[in-house]
Protein chains: 2
Amino acid sequence: MAERRAGAKAGLSRELVFDAALDYLDSHGLPALSMRKLGAALGVEAMTLYNYVPNKDALLDGLVDRVMEIAFSGLADPAPGDWVPWMREFAHQLRGALLAHPGVLPLAGTRPVNSPDALRMSERWLAGMRAAGVPLGRAMDIVNVIATFTIGHTLAEAGQTPGHEGSEPNLDDRAGELDPAEFPNLTEILATRAGLDFDHRFTQAIDILLAGYAALDQVA
Amino acid sequence: MAERRAGAKAGLSRELVFDAALDYLDSHGLPALSMRKLGAALGVEAMTLYNYVPNKDALLDGLVDRVMEIAFSGLADPAPGDWVPWMREFAHQLRGALLAHPGVLPLAGTRPVNSPDALRMSERWLAGMRAAGVPLGRAMDIVNVIATFTIGHTLAEAGQTPGHEGSEPNLDDRAGELDPAEFPNLTEILATRAGLDFDHRFTQAIDILLAGYAALDQVA
DNA sequence: TAGCAGAAACTTACACCGTAAGAATGGAGT
DNA sequence: ACTCCATTCTTACGGTGTAAGTTTCTGCTA
């Protein structure tokens, strides 16, 4: 590691800081992320980061934003009248991006995303849904329900997020201690794996929601 | 405030510590909750709390558990074959309890709840659903989908959780800065309030999900 | 009633955190 | 060559969770 004195450029940028933060989060987990450690990962003192980010909260908010951007960068526009497959893809892409960066998941759940970028995305979704013939209020409902369900479900799926690891065993880890007499159904689930397929569960629930909303629109 | 020397009883108990923590969380928010402050609220030094709780994480996990318990303490058993209204009540009670204690919401989303109490509740739901004629795997799916959607939706509804307040403005606070040319649909939503009714959105989505699952069972 | 064991509380200490304030350095423009 | 300024580092402060050790009170036994 080359020594650097005060003033010598480290070649940082806002972009680079966020990249490094996302990397650090993915590999070490949220509780381990501190300004000092992130600085160290970039070969820089903690305070240097404050040239690129006003404070840690803003950094975390930015990470959520960035993952959302990753998730939807390639999303096409819906064909007229054909918004259901479009929203389905929306849901699955969001889940995929969140699972790819589980470190930001607790942040995605907690922090309202109202950055300009996020607003632009919302606007685009609403426009797409309207173009496909969905009334505005309903479009807002659908987008929000899909998004909140996806976040909630993926939070549960990711279970203990990295860094929180080991502090709480998940259901499978507890299989041994489970008294079959007291918990016959849970025991059976662990034995048969019935109802433990997150992939299937998510897909099915999304389809139910979309079909339900589509039926509402047909009738109206 | 009466002085107390080492050894003099403060009359604490595990129960009391959790009660105080929940109160503190509800009124000051998660980021403000520290062992020292919670101790102060109980008239005790921080380290005293470690007689009742192994560490802070366990305290937080316990709070989630407690809110879940509050939510479902009065839930009846489902009538045979009539699980839909039962699950609907389950969802609405969960949402109500979470909104009543918004401080634990970010925890509820993040932490897997696998305490003995939580397992007992899961077991009861599964038993109830089976008694109403739902296959085990599907019962597991339904319960989890309802729970994760409720948590996700309520997280968004609570928006910035107390303590996180003001760090991120919500959509309404931004109404002024919104450029109607760039965000015509968002602007219209703020003006007409279409699609901003969380209550209606939640109720409708839950009903769609339950009807969808019920239809699956009918056909099968 | 005296003494003692254990519980319950306090005290001290450590390593770490976010970040405010200011000093130091290097490179770019004149 | 000299100035200016962006970039980085240094120092410092008040806060955090919690390990370790100390003090005091309470209740039991002799």
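No experiment lies behind these values; they were computed from the predicted model shown. Chain A is the first sequence line, chain B the second, and so forth, proteins listed ahead of strands; every chain is numbered from 1.
Taking atom CG of B/L33 as the reference point, atom C1' of D/dG17 lies 12 Å away to the nearest angstrom. Put simply, CG on B/L49 is 9 Å from P on C/dA9, counting in whole angstrom units. Look at CG on B/L30: it is 13 Å from P on D/dT16, rounded to the nearest Å. Atoms CE (A/M35) and C1' (D/dA12) sit 17 Å apart, rounded to a whole Å. Rounding to whole angstrom units, CG of residue A/L38 and P of D/dT8 are separated by 13 Å. Computed from coordinates, the B/E45 CD to D/dT24 P distance equals 15 Å when rounded to whole Å. We find that CG of A/L59 is positioned 10 Å from P of C/dT19, with the value rounded to whole Å. Here C/dA9 presents its P atom at 11 Å from CG of B/L16, a figure rounded to the nearest Å.
Of all nucleotides listed (D/dT7, D/dT18, C/dG18), D/dT18 comes nearest to the side chain of B/K56. For A/M47, counting side-chain heavy atoms from C-beta on, the closest listed nucleotide (D/dT11, D/dT16, D/dT8) is D/dT11. Nearest to the side chain of A/N51, among D/dT8, D/dT18, C/dT19, sits D/dT8.
Side-chain rings of B/F202 and B/F149 approach one another, their centers coming within less than 6.0 Å.
Contact annotation: B/T48 does not reach the phosphate of C/dA8 (side-chain N/O to OP1 or OP2, under 4.0 Å). Side-chain N/O atoms of A/Y50 include none lying less than 4.0 angstrom from OP1 or OP2 on C/dA21. Between A/K37 and the phosphate of C/dC17, there is a side-chain N or O to OP1/OP2 separation shorter than 4.0 Å.
For the atom pair A/T110 OG1 and B/L30 CG, the distance stands at 8.5 Å (nearest 0.5 Å). Between atom CZ of residue B/R130 and atom CG of residue A/N185 there is a gap of 5.0 Å, rounded to the nearest 0.5 Å.
Looking at B/R36, its side chain has no donor and acceptor atom pair within 3.5 Å of the base of D/dG15.
In this structure, A/D141 does not pair ionically with A/R138, as no charged nitrogen and carboxylate oxygen lie closer than 4.0 Å. A salt bridge between B/R36 and B/E45 is absent, with no side-chain N of the basic residue lying under 4.0 Å from a carboxylate O of the acidic one.
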